[in-house]
Structures are given as structure tokens and as C-alpha cells.
Amino acid sequence: MDNVVKSLSKRLAPAADKPVDRPTREEAEAAVRTLIRWAGDDPDREGLHETPKRVAKAFKELYSGYKDDPHEVLNKIFKEVEGYEDIVLVRDIPFYSHCEHHMVPFHGVAHIGYYPTKGIVGLSKLARLVEVYARRLQTQETMTAQIATALEEALEPRGVAVMIEAEHMCMSMRGVQKAGAITLTSQFTGAFKDNATEQARFLSLVRHGKV
Ligand SMILES: Nc1nc2c(ncn2[C@@H]2O[C@H](COP(=O)(O)OP(=O)(O)OP(=O)(O)O)[C@@H](O)[C@H]2O)c(=O)[nH]1
Ligand SMILES: [Zn+2]
């Protein structure tokens, strides 16, 4: 692996820089039992008896993004597009993630646009890319940047625009308790960066489906 590929892999690798010392399933289940007791309940009562097992299993699904590789998601590029080089935009991609501060869900939609140069990716791959990063412990800002960087590196497009709109349960059902407050984040590269007209076009397509 040459240095360029190595540094690229590092940037797109799971959020943890060091290899993670994963516990055994038994240890994970014991931790859930402890949290049930911390919540004030009895992990041995009938209704909760199998809960640690279910939670450990659910974690595999909710945090499956750590085992997924964004390179693989974006590795098939279609070059035959008859010279198409205008914007490709998928909007309203729904996602569920968990904030890294409280491990409480945040959910919403992602909008992704890019101007192709060397080719296009299958549209579903844009949604898969969102999944890779959503199914990790996240901040909305990091997730937005990671999606833009992955596309930038895989497609070398003329520009990438990513916008995420989400509600954070840690702000709705606890803490400041502002249900319905929506956080917007965006990351623009290339033709979109520092270009108000391009950004306005992207936003208009996201909001109205037309310019
Ligand atoms: N910037 C950013 N903040 C987030 C995100 N998800 C959750 N947070 C915030 O993370 C912050 C953590 O703040 P702390 O003061 O360390 O924790 P806390 O005492 O639980 O904060 P409160 O939520 O205000 O009760 C809170 O302000 C959350 O709203 C995110 O995706 N991006
Ligand atoms: Zn939070």
C-alpha cells in the first residue's frame, strides 16, 4: 500500500484512531445489566432477562458502520455518461445515528450533490455512504464532513455539497428539552466552496426540486 492510499484509508477509517479492544459478548451483556441497575431496575426480572442479549445484538446493527468501508461503497464508478457533467443530487436520505456525547439518537435527512468529472456512482451508494457514517457514534458536523470527504476522494468531482438536517434526542427528551429544534450542517467543496450562486442552486434544488 503506498503512502497516499495509506493516508486516505486513515482519514476514512473508523472514527477511533487506535484499534479498538472489543469486549466479548458476555462482557457487553454484563455492561447492559449494570446499566439496567443504574437505571433503577432489576435485570433478573422476567421482562428484562433477555434484554442484555437483545441490546448487544441491536448494537451490532446500530453501530454496524464501524465494519463498513466507504471505499468499498464507492468503488464502482460508471464512466459512460455521454458527457453528463451537471449536478447529481439525492435529497431527503433518511438516517438514524447516535450522538457521541450521550449515545442518544439523532435522526433526520441528508442531501448530497456533486458535479461529476471522471464518472458517477450508483445512486444507492450515496445512501449507503450515509449509512456507513450514521451507524457510528457521531457528531452531525463530523458526519457531514466525512460524507463530503469520501465523495471527494473517490470521485474527484468538480464539487461536492452535503447538507444534513437532524433532530437530536439529547436536546429533545433530556437536557435543554427543546423538542423540534432542527440542526443544519453543510459542507461544500470545489465548485460549491465560497460560491454563493452554486450553494443557492444546491439549496434551491433541495428545498424545491428546482432552481
Ligand atoms: N456540535 C454538536 N453538539 C452535539 C451533537 N450532538 C449532541 N451535541 C451536544 O453536545 C453537548 C454536550 O455538552 P456537555 O455540556 O458536555 O453535556 P451535557 O451536560 O449533557 O449538556 P446538555 O445537553 O446541555 O445537558 C450538548 O450541548 C449537546 O447538545 C452534535 O452532533 N454536534
Ligand atoms: Zn447528545
Side-chain angles (χ1 to χ4, degrees), residues 10-18 20-23 28 31-41 51-52 54-70 73-74 89-114 125-154 160-189 192-194 199 202-203 206-207:
K10 191 162 177 251
R11 263 203 281 165
L12 295 181
D17 285 338
K18 283 181 263 161
V20 176
D21 176 23
R22 286 194 103 119
V32 177
R33 283 176 61 86
T34 302
L35 286 176
I36 290 173
R37 286 171 47 230
W38 178 244
D41 214 321
T51 297
R54 289 190 203 97
V55 173
K57 189 172 164 209
F59 260 48
K60 287 264 180 208
E61 195 176 342
L62 297 174
Y63 298 109
S64 61
Y66 289 109
K67 67 168 175 42
D68 293 334
D69 180 352
V73 171
L74 300 174
L89 191 152
V90 180
R91 60 178 183 168
D92 296 327
I93 303 166
F95 73 88
Y96 293 89
S97 188
H98 286 81
C99 84
E100 65 186 29
H101 305 113
H102 301 96
M103 295 182 74
V104 168
F106 66 97
H107 68 98
V109 289
H111 317 288
I112 302 176
Y114 69 98
K125 307 303 180 194
L126 299 178
R128 286 191 188 282
L129 188 62
V130 172
E131 286 292 285
V132 169
Y133 290 117
R135 289 173 183 273
R136 297 177 182 186
L137 289 170
Q138 276 294 10
T139 70
Q140 189 175 325
E141 293 91 330
T142 305
M143 190 175 142
T144 309
Q146 285 173 330
I147 293 168
T149 302
L151 278 169
E152 183 76 16
E153 293 179 351
V160 172
V162 179
M163 186 165 111
I164 294 182
E165 305 178 67
E167 179 173 359
H168 290 246
M169 291 301 125
C170 68
M171 275 180 71
S172 306
M173 58 188 286
R174 60 158 294 288
V176 74
Q177 302 198 22
K178 295 296 176 206
I182 302 295
T183 303
L184 263 83
T185 46
S186 60
Q187 179 98 338
F188 297 109
T189 74
F192 293 99
K193 199 173 169 73
D194 304 324
Q199 293 179 13
F202 171 75
L203 289 175
V206 165
R207 288 281 175 256

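Atoms within each ligand, like the ligands themselves, are counted from 1 in listed order.
Here the protein heavy atom with the shortest distance to atom 6 (N) of ligand 1 is H168 ND1, 3.2 Å. Of the protein's non-hydrogen atoms, H101 ND1, 3.3 Å is the one closest to atom 7 (C) of ligand 1.
For atom 31 (O) of ligand 1, the protein comes within 4.0 Å by at least one heavy atom. There is a protein heavy atom closer than 4.0 angstrom to atom 23 (O) of ligand 1. Protein heavy atoms come within 4.0 Å of atom 20 (O) of ligand 1. Atom 10 (O) of ligand 1 is approached by the protein to below 4.0 angstrom, counting heavy atoms only. By the definition of a contact as any protein heavy atom under 4.0 Å away, atom 14 (P) of ligand 1 is not in contact.
Rounding to the nearest 0.5 Å gives a distance of 10.5 Å between NZ of K67 and CZ of R136. Atom CZ of F95 is separated from atom NE2 of H107 by 9.0 Å, given to the nearest 0.5 angstrom. Note that the CZ atom of F106 and the CD1 atom of I164 stand 7.0 Å from one another [nearest 0.5 Å]. How far SG of C99 is from CE of M171: 11.0 Å, rounded to the nearest 0.5 Å.
Residues L74 and R128 form no side-chain contact, since every pair of their non-hydrogen atoms from C-beta on lies 4.5 Å or further apart.
In E141, the part holding a heavy atom less than 4.0 Å from any atom of ligand 1 is the side chain.
Comparing Q138, M171, M143, M169 against atom 29 (O) of ligand 1, the shortest heavy-atom distance belongs to M171.
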Report, one line per pair, each donor and acceptor closer than 3.5 Å where one atom sits in a side chain of residues 182-189; sequence neighbours left out.
{"unit_1": "T185", "atom_1": "OG1", "unit_2": "Q140", "atom_2": "NE2", "d": "3.0"}
{"unit_1": "T185", "atom_1": "OG1", "unit_2": "T144", "atom_2": "OG1", "d": "2.8"}
{"unit_1": "T189", "atom_1": "OG1", "unit_2": "E152", "atom_2": "OE1", "d": "2.6"}
{"unit_1": "T189", "atom_1": "OG1", "unit_2": "V160", "atom_2": "N", "d": "3.0"}

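If you count the protein N, O or S atoms nearer to the Zn ion (ligand 2) than 2.8 Å, you get 3.
Considering backbone and side-chain atoms together, R174 places an N or O closer than 3.5 Å to an N or O of ligand 1. At under 3.5 Å, a nitrogen or oxygen of Q140, whether backbone or side chain, sits near a nitrogen or oxygen of ligand 1.
Each of R91, E165, R207 was checked for a side-chain hydrogen bond (donor to acceptor under 3.5 Å, both in side chains) with H111, and the lone residue meeting it is E165.
Within the 4.0 Å heavy-atom shell around ligand 1 one finds H102.
With 3.5 Å as the limit, one finds no donor-acceptor pair spanning the side chains of E100 and T139.
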